[in-house]
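Note that the structure is predicted; figures quoted are calculated from it, not measured. Below, chain A is the first sequence line, B the second, and so on; all start at residue 1. Computation of the quantities below employed the complete heavy-atom set of this structure, encompassing side-chain atoms and omitting hydrogens, waters and symmetry-equivalent molecules.
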Protein chains: 2
Amino acid sequence: MQPKLADVAKLAGVSVTTVSRVINERGYLSAETKEKVFSAMQQLNYQPSLAARVLQGKQFKLVGLIFASLENPLIAQVVEEIENNLFSHGYKAIICNSMDNPEKEQQYLKMLMANQVDGIITGSHNEGIKEYKMSGLPIVSYDRYFQNKIPTVSSDNQAGGELAARTMIEKGSKKLMLVSGSLEKRAPNNSRITGFEEIAKAHQLPVSVVEFPFNATPTIRRATLREKLGAYQPDGVFCTDDQTALLCIQEAKKLGMRVPEDVQVIGYDGSNYVQEYHPELSTIVQPVSDIADLLVRILFNRLQKNEDQLLDNYVLPIKLLQRDSLRN
Amino acid sequence: MQPKLADVAKLAGVSVTTVSRVINERGYLSAETKEKVFSAMQQLNYQPSLAARVLQGKQFKLVGLIFASLENPLIAQVVEEIENNLFSHGYKAIICNSMDNPEKEQQYLKMLMANQVDGIITGSHNEGIKEYKMSGLPIVSYDRYFQNKIPTVSSDNQAGGELAARTMIEKGSKKLMLVSGSLEKRAPNNSRITGFEEIAKAHQLPVSVVEFPFNATPTIRRATLREKLGAYQPDGVFCTDDQTALLCIQEAKKLGMRVPEDVQVIGYDGSNYVQEYHPELSTIVQPVSDIADLLVRILFNRLQKNEDQLLDNYVLPIKLLQRDSLRN
DNA sequence: TATTTTATGTCAAACGATTGACATATTGTG
DNA sequence: CACAATATGTCAATCGTTTGACATAAAATA
């Protein structure tokens, strides 16, 4: 059995109240007693029962992370950085892979509420889930709009789309194609599309649009891309996520199109993984560290009930990573 | 405030004991009462306080996952599949990125103990951490050997190394190179090396060995690989992980070596990501789903105190995924 | 009809830590 | 020396749920 407060008290030769005082830093305490208590805790390898503390109204120091899937390198990185961030504040993260499944997401929310987590950070695709409102929990979202004053952090999707268009037009592309990795309305994501389209229109260049449902498999995407690339023969393709962009490059090459001579390709996300292991891909890079940082910061702000200066949306700047899928 | 048991009881017009009986399925209960209670729970959106239940000796239904880093696609996939598996059993997962840092791992163990998680699944690199013994928690490990009867699940590393060697030798490689993604002793990992070396020796073929410390950055790996490839000019390279294999292919090409004509390359891991987005790479594929499944199954077995038929090591079969980095 | 079985209720003690109220020493300060 | 500040102790209630002991009443069975 795990040692309890009383065991520590006995070993240290003090009362349980005193031990509790030491742990919670209340009242007057001599250095000597603190020392005794701490060493007793060490010896017994004592860890206060979180369950018992929570019952007293203390925080669990537990945050729920709801994201679609860790198999997306960007999400994996965001989750990892959030987790590191939380850890440094003494918080733990419960991970929830919603798999883009609203039912699963709903069940997760119930679980998280039962666990009485202190807050939730979500980057999942499904919205209109009423439990979000009911939960009464502090929630922060990544790159998703919610109806009810849930703060959202995202990269500057609009500017990203614009930058992608401007860049490839500058470098000579005239016959553009836009591939949306997932069609969901209301996602900030969509600004990537509008940003791109606006610039294209300003230059009076046509844009062929391909949209995938979010659950399209790589195989389906490949087949579709192959067909669209072959049929339309674009000389510049912007994909709203890196993974689709990779497929796009690969299929273009299979069709005998040279990248970037015949067709330039730009992706979106710029995870560490893509930067390191797909050196060819040019992409719009999201500031992941800043995003993770801000998400946690906002959550803590809400946790501490400092309901002050909370914006509804935080939009962080993106930048272009230019590599071989773009001409010089 | 969250509704409590008493609120449900009042709304359902029964006693708290009855509600508790319904929830815990104890004693005699009429269908009618159950119905009333369930509907009251629904109406109030009642979730029993896990903290209170845990205090009564119930399980948290919480498992700690300690892995090095989610930025490795294989780990991300393993974690994701474990999490899905746990979820279907009503369990949640706390995620811990140890970042290959023993100190962090130790802190995590403490946290997990304080949280009174029901068990731990670890695939982290650091061993000899005494807290593992002290924790008294059921632990299962992935691809790591521990001294003290902690069950381990791994892919058949030895067979994987052998298969890699046999395959490339069969396909004509005579000047072999072995690149170890991380040098750690005592890891099952090492069998990949010995397996490869044994077959090479049996064929009286020389093997040049390159070893990286686990924390070598991609940049360092690239530079080293470039030099070793250039100096040794191997015609067959086996890398003990896919990421290093990708770097290897890329650097070989930069050096003007053709893959697979001049040099064949085989990796190890075969995560979904690599299969989908690096179609060129040939690799030894670990059965990730089976691994995740087994890890969870073993953990549950220990949780239920069925200390029966528990092997120390479970070695699951691997298979070769042959693609363009190998000759036909 | 007598006796089980079924169905529910009341009550109170746990689980482990926190905390307020209050008591009692030992210091230190003016 | 008086009075405050410091240091610790005792005691009991509390958080929300579980559970055992016991009581009671209705329905089912013998």
Side-chain angles (χ1 to χ4, degrees), chain A residues 1-41 44-62 90 110-111 113-118 136, chain B residues 1-41 44-62 90 110-111 113-118 136:
Chain A
M1 208 60 249
Q2 293 264 75
K4 45 177 78 171
L5 207 57
D7 301 322
V8 177
K10 197 186 293 175
L11 182 61
V14 298
S15 70
V16 286
T17 308
T18 302
V19 177
S20 174
R21 278 181 184 132
V22 172
I23 293 173
N24 297 286
E25 295 176 316
R26 291 186 321 128
Y28 296 118
L29 290 168
S30 71
E32 192 196 2
T33 319
K34 280 193 211 167
E35 193 39 57
K36 276 192 295 182
V37 172
F38 282 133
S39 95
M41 296 196 330
L44 295 174
N45 201 264
Y46 170 78
Q47 297 290 132
S49 157
L50 244 195
R53 307 191 79 193
V54 168
L55 221 46
Q56 297 298 321
K58 301 246 165 191
Q59 287 193 339
F60 236 117
K61 302 224 169 192
L62 204 50
K110 282 203 173 178
M111 271 190 169
M113 288 163 67
N115 269 83
Q116 284 150 181
V117 296
D118 302 309
Chain B
M1 210 53 250
Q2 293 265 75
K4 46 177 76 170
L5 207 56
D7 301 321
V8 177
K10 197 185 295 175
L11 182 60
V14 298
S15 71
V16 287
T17 307
T18 301
V19 178
S20 174
R21 278 181 186 135
V22 172
I23 293 174
N24 297 286
E25 295 175 316
R26 290 188 322 128
Y28 296 117
L29 290 168
S30 70
E32 192 196 4
T33 320
K34 279 192 210 166
E35 193 38 58
K36 277 192 296 182
V37 172
F38 282 132
S39 96
M41 295 196 332
L44 295 173
N45 202 264
Y46 170 77
Q47 296 291 133
S49 158
L50 244 194
R53 306 192 80 194
V54 168
L55 218 48
Q56 296 298 324
K58 301 248 164 191
Q59 287 194 340
F60 235 119
K61 304 225 167 193
L62 204 51
K110 282 203 173 179
M111 271 191 170
M113 288 164 67
N115 269 81
Q116 286 151 179
V117 296
D118 301 308

*Asks:* Give the rounded distance in Å between these two atoms: NZ of B:Lys58 and P of D:dG16.
*Replies:* 19 Å
*Asks:* Can A:Asn45 and B:Lys110 be counted as having a side-chain donor-acceptor contact under 3.5 angstrom?
*Replies:* no
*Asks:* Any side-chain N or O of B:Arg53 under 4.0 Å from OP1/OP2 of D:dT18?
*Replies:* yes
*Asks:* Would you find a donor on one side and an acceptor on the other, under 3.5 Å apart, between the side chain of A:Asn24 and the backbone of A:Ser20?
*Replies:* yes
*Asks:* State the CG-CD distance between A:Asp7 and A:Gln2, to the nearest 0.5 angstrom.
*Replies:* 10.5 Å
*Asks:* With no hydrogens and no angle check, is any side-chain donor or acceptor of B:Asp118 less than 3.5 Å from a backbone partner on B:Leu62?
*Replies:* yes
*Asks:* Tell me which residues in residues 20-31 of chain B lie within less than 4.0 Å of DNA chain C, going by non-hydrogen atoms.
*Replies:* B:Arg21, B:Tyr28, B:Leu29, B:Ser30
*Asks:* Starting at atom CG of B:Leu50, determine the distance to atom C1' of D:dC15, rounded to an integer number of angstrom.
*Replies:* 15 Å
*Asks:* Is there a donor in the side chain of A:Thr33 and an acceptor in the side chain of A:Ser30, or the other way round, less than 3.5 Å apart?
*Replies:* yes
*Asks:* Within the 4.0 Å heavy-atom criterion, would you say A:Val16 contacts the bases, only the backbone, or no part of the nucleic acid?
*Replies:* nothing
*Asks:* For A:Thr33 and B:Gln47, find the nucleotide of DNA chain D closest to each by heavy atoms; which residue's nucleotide sits nearer the 5' end?
*Replies:* A:Thr33
*Asks:* Starting from P on D:dT17, measure out to CG on B:Leu44 and report it in whole angstrom.
*Replies:* 12 Å
*Asks:* Would you check if A:Tyr46 and A:Ile23 make a side-chain contact, meaning some heavy-atom pair closer than 4.5 Å?
*Replies:* yes
*Asks:* Hey, does B:Val14 reach any base, or is it just sugar-phosphate, or nothing, if we go heavy atoms under 4.0 Å?
*Replies:* sugar-phosphate
*Asks:* Considering only heavy atoms from C-beta outward, does the side chain of A:Val54 approach that of A:Gln59 to under 4.5 Å?
*Replies:* no
*Asks:* Any base atoms under 4.0 Å from B:Ser15, or only sugar-phosphate, or nothing? Heavy atoms, all strands.
*Replies:* base
*Asks:* At their closest point, which heavy atom of B:Phe60 faces which heavy atom of B:Leu50, and how far apart are they?
*Replies:* O-CD1, 3.7 Å
*Asks:* Could you list where the contact with chain B starts and ends along DNA chain C, reading 5' to 3', using a 4.0 Å heavy-atom cut-off?
*Replies:* C:dT6 to C:dG16
*Asks:* If I take atom CG in residue B:Leu5 and atom P in nucleotide D:dC15, what distance separates them, rounded to the nearest angstrom?
*Replies:* 14 Å
*Asks:* What distance separates A:Leu5 CG from A:Ser49 OG, expressed to the nearest 0.5 Å?
*Replies:* 10.5 Å
